[in-house]
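Since this is a predicted model, take the numbers as computed values, not measurements.
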Amino acid sequence: MNGHLEAEEQQDQRPDQELTCSWGHRPRSALDRAEAMAPPPPPPLAASTPLLHGEFGSYPARGSRLALTLTPQALHIQRLRPKPEARPRGGLVPLAEVSGCCTLRSRNPSDTAAYFCIYTYPQGRRGGRRRAARTFRADGAAAYEENRAEAQRWATALMCLLRGLPLPGDREITPELLPRPPRLLLLVNPYGGRGLAWQWCKNHVLPMISEAGLSFNLIQTERQNHARELVQGLSLSEWDGIVTVSGDGLLFEVLNGLLDRPDWEEAVKTPVGILPCGSGNALAGAVNQHGGFEPALGVDLLLNCSLLLCRGGSRPLDLLSVTLASGSRCFSFLSVAWGFVSDVDIQSERFRALGSARFTLGTVLGLATLHTYRGRLSYLPAAVEPASPTPAHGLPRAKSELTLAPAPAPAPPVAHSPLHRSVSDLPLPLPQPALASPGSPEPLPILSLNGGGPELVGDWGGAGDAPLSPDPLLPSPPSSPKALLSPITEGVPEMPASSGLPPPTPDALGAISPGGPPDHLLPPLGTPLPPGWVTLEGDFVLMLAISPSHLGADLVAAPHARFDDGLLHLCWVRGGISRAALLRLFLAMERGSHFSLGCPQLGYAAARAFRLEPLTPRGVLTVDGEQVEYGPLQAQVHPGLGTLLTGPPGRAGQEP
């Protein structure tokens with residue numbers, strides 16, 4: 001879009017914009033980036049206050065006239081001609097459902113009108129989201145330049161509202177208000193989510209973030225710890241965020257790779273995000289709830305999280321440093337589990353081809369062979385206990401996803417930095433609709449992007465479809481699908497014949513992290529704990545230490561938790577619980593209401609640190625869903641150590 005180009009050229013002249021936007025500028029450091037990407041304070045205007053009002057024609061329908069009113073929360077559309085509607089269908093477009101917009105121009109030189117198009121993802125009657133587009137014709141003036149200015153005014157105002165930028169009260173709304181497009185590094189595990197991650201990324205993620213005007217490069221991970229190695233060598237100043245398109249396991253690699261760097265104190269503040277395409281999507285479930293959306297799974301969860309990513313905005317993210325029996329240390333953003341939860345997570349690996357259903361099957365099998373484990377749990381209570389756990393949105397059964405493609409032969413070196421051997425700008429082949437709308441006796445005007453960009457031609461392909469390609473940033477579609485892949489990828493990855501790769505070995509996380517803050521609350525493993533700690537010893541069915549609210553996309557283990565509350569949420573179930581009672585707990589956990597059941601074996605504590613000493617010789621321990629060495633371990637929370645791309649909070653995500 002021309003506005004993006006003009007904004008980029010003039011951003012150095014507007015230093016005051018650097019602290020007001022959530023997306024789109026290039027901060028001087030990762031610390032500045034994290035601070036600047038915090039969601040701005042809500043606008044003082046009421047949600048229904050009109051910001052813009054005007055009359056437009058519709059496209060491709062001819063003769064229709066529409067009255068548009070833009071408020072801080074929605075675009076209101078009312079038909080004026082041929083006949084006003086008493087109850088207009090689609091007359092209210094909430095901005096929470098809008099991914100982006102752009103201005104358009106007809107290739108017909110005699111057409112003096114300008115156009116702007118908005119891309120929306122409304123929920124259908126059955127709850128699923130479907131892409132729709134609305135194109136409006138600005139034709140109130142005789143000269144094209146005046147109509148173009150009006151279309152750009154509306155498109156700029158919409159983009160400012162979507163990105164949390166303040167609108168000027170006494171100045172013209174022009175594209176110069178928009179900073180340059182933010183630049184994201186997307187890391188895709190092509191084997192995530194039953195092998196559907198790449199397809200979902202290509203069909204849903206890339207079109208949406210292109211509609212939002214975000215710039216991106218993409219890498220397909222090829223082996224275990226590939227993402228960890230990549231981020232260790234990144235020039236982080238080139239990126240406004242790193243986003244994983246997979247399950248929780250790939251984000252685990254990214255965060256630990258950032259903390260492995262010599263400059264970890266600044267590197268770990270690089271905003272990270274997650275777009276759920278794995279079998280375990282716990283953090284995405286928490287992001288979805290924070291954004292105010294109803295619980296969702298599969299593609300619906302992916303679309304919700306993609307919409308939030310397009311809006312920008314971040315929150316500090318608590319991280320746990322976990323010290324294992326061997327002395328190695330890793331960092332967790334999600335959970336440490338022992339007993340029933342970790343057993344189900346690891347034993348269900350052989351059912352990975354089932355996607356998230358693997359956890360349901362694993363739970364049934366785990367209940368059939370229910371085990372108890374003797375151990376000692378010690379924790380340092382939080383200075384201020386949070387409010388009693390209360391029901392929240394429900395969102396299953398597990399946590400991480402780390403099934404990576406086998407490593408191919410290395411690519412020959414090129415003249416760029418090591419990063420660019422694996423990165424391309426991904427020209428995107430978006431679906432092109434028919435060249436004429438249904439029932440149209442003659443071809444519709446051909447539109448191209450405003451401002452001298454590539455001429456992407458399309459047309460109206462039916463209700464809710466776009467009249468042109470929704471991507472103002474990318475060049476014309478490539479002639480071969482290979483152009484979509486990174487240079488070292490020879491083709492679309494094929495799924496292995498087996499149901500999934502074997503589970504990661506316990507030493508997959510074993511390298512000692514050279515970076516990260518010291519654990520000032522923890523004495524060395526094997527030494528006595530200081531005063532003030534609480535110790536529980538006995539038989540346990542499970543122990544779970546969790547940081548965010550969700551244990552899975554539809555399993556809410558700590559409904560009162562927040563990304564940056566500085567707390568470890570410890571949950572445990574003592575031995576002696578019946579299978580039926582344990583099943584009731586997990587069913588209630590889908591609504592976050594398990595604490596209200598009054599189960600005597602269920603315990604909870606808010607803590608700053610904990611130590612777990614298994615006294616049973618055999619068992620399974622997991623960190624963020626990945627199996628680690630079995631034995632004593634301890635962990636402490638480091639409040640706000642990372643930065644998570646969450647998008648703006650919805651009503652459910654507002655601070656209490």
Side-chain angles (χ1 to χ4, degrees), residues 280 282-283 285-286 318 320 322 332-345 359 363 366-367 370-373 375-382 385-399 534-552 554-562 565-577 581-614 619-625 633-637:
L283 188 63
D318 297 340
L320 314 179
V322 184
S332 159
F333 64 90
L334 187 58
S335 66
V336 178
W338 175 53
F340 184 81
V341 171
S342 57
D343 291 348
V344 168
D345 201 5
F359 302 118
T363 299
L367 287 170
L370 190 61
H371 298 287
T372 59
Y373 300 89
R376 184 181 302 116
L377 173 63
S378 304
Y379 62 90
L380 177 64
E385 290 286 337
S388 299
T390 54
H393 288 286
L395 283 192
R397 246 84 311 176
K399 296 140 300 286
V534 176
T535 298
L536 307 173
E537 185 171 337
D539 292 330
F540 295 87
V541 170
L542 67 86
M543 192 287 301
L544 177 69
I546 190 167
S547 179
S549 55
H550 286 62
L551 182 61
D554 59 354
L555 199 67
V556 190
H560 53 293
R562 302 194 309 275
D565 57 14
L567 298 174
L568 272 167
H569 302 277
L570 292 174
C571 307
W572 62 86
V573 175
R574 294 274 200 171
I577 189 172
L582 185 60
L583 179 59
R584 282 195 296 271
L585 280 180
F586 277 88
L587 292 175
M589 204 176 288
E590 294 185 355
R591 303 180 301 277
S593 60
H594 47 295
F595 290 109
S596 63
L597 295 181
C599 176
Q601 289 86 11
L602 175 63
Y604 168 83
R608 306 290 182 190
F610 79 95
R611 176 183 288 180
L612 176 64
E613 299 168 276
V620 176
L621 287 168
T622 58
V623 176
D624 289 1
L633 62 75
Q634 60 186 17
Q636 81 162 65
V637 62

- Assess the side chains of D318 and S547: does a donor N or O sit below 3.5 Å from an acceptor N or O? no
- Task: Starting at CG of D539, measure out to OG1 of T372 and round the result to the nearest 0.5 Å.
- Result: 5.0 Å
- To the nearest 0.5 angstrom, please state how far the CZ atom of F540 sits from the CG atom of L377. 5.5 Å
- Note on the structure: Sorted by chain and residue number, the side chain to side chain contact (heavy atoms under 4.5 Å, CB included) partners of Q601 (sequence neighbours excluded) come out as V573, R574, I577, C599
- Note on the structure: Closest heavy-atom pair, A545 versus L568, reported as atoms and distance to 0.1 Å, is CB-CD2, 4.2 Å
- Note on the structure: Of all heavy-atom pairs linking P381 and V534, the shortest is CG-CG2, 3.8 Å
- Item | Any side-chain heavy-atom pair of F333 and P548 under 4.5 Å | no
- Message: Can you tell me how the ring of H560 sits relative to the ring of Y604, calling it parallel under 30°, perpendicular over 60° and tilted otherwise?
- Response: perpendicular
- Query: Can you tell me how far CG of L621 sits from OH of Y373, rounded to the nearest 0.5 angstrom?
  - Reply: 10.0 Å
- List for me each residue that meets side-chain hydrogen bond (donor to acceptor under 3.5 Å, both in side chains) alongside S378, sequence neighbours excluded, and say none if there are none. T535
- Message: Quick check for you: to the nearest 0.5 Å, what is the distance between M543 atom CE and L536 atom CG?
- Response: 11.0 Å
- Message: Any side-chain to backbone donor/acceptor pair from D624 onto L334? Under 3.5 Å, distance only.
- Response: yes
- With rounding to the nearest 0.5 Å, note down the distance linking CG in L585 to CG in L587. 9.0 Å
- Message: Quick check: do P559 and H594 have side-chain heavy atoms less than 4.5 Å from each other?
- Response: yes
- Main-chain N/O of A337 paired to S335 side chain as donor or acceptor, under 3.5 Å: no
- Task: Any chance you could measure T622, atom OG1, to W338, atom CH2, to the nearest 0.5 Å?
- Result: 12.5 Å
- Do the non-hydrogen side-chain atoms of L567 and R608 ever get within less than 4.5 Å of each other? yes
- Query: Is any side-chain heavy atom of F610 closer than 4.5 Å to a side-chain heavy atom of L633?
  - Reply: yes
- Item | S593 side chain vs A588 backbone, donor-acceptor pair below 3.5 Å | yes
- Task: Could you pull out all residues at least two apart from A557 that satisfy side chain to side chain contact (heavy atoms under 4.5 Å, CB included)?
- Result: L544, I546, L551, M589
- Tell me, do L602 and L597 make a side-chain contact under 4.5 Å, heavy atoms counted? no
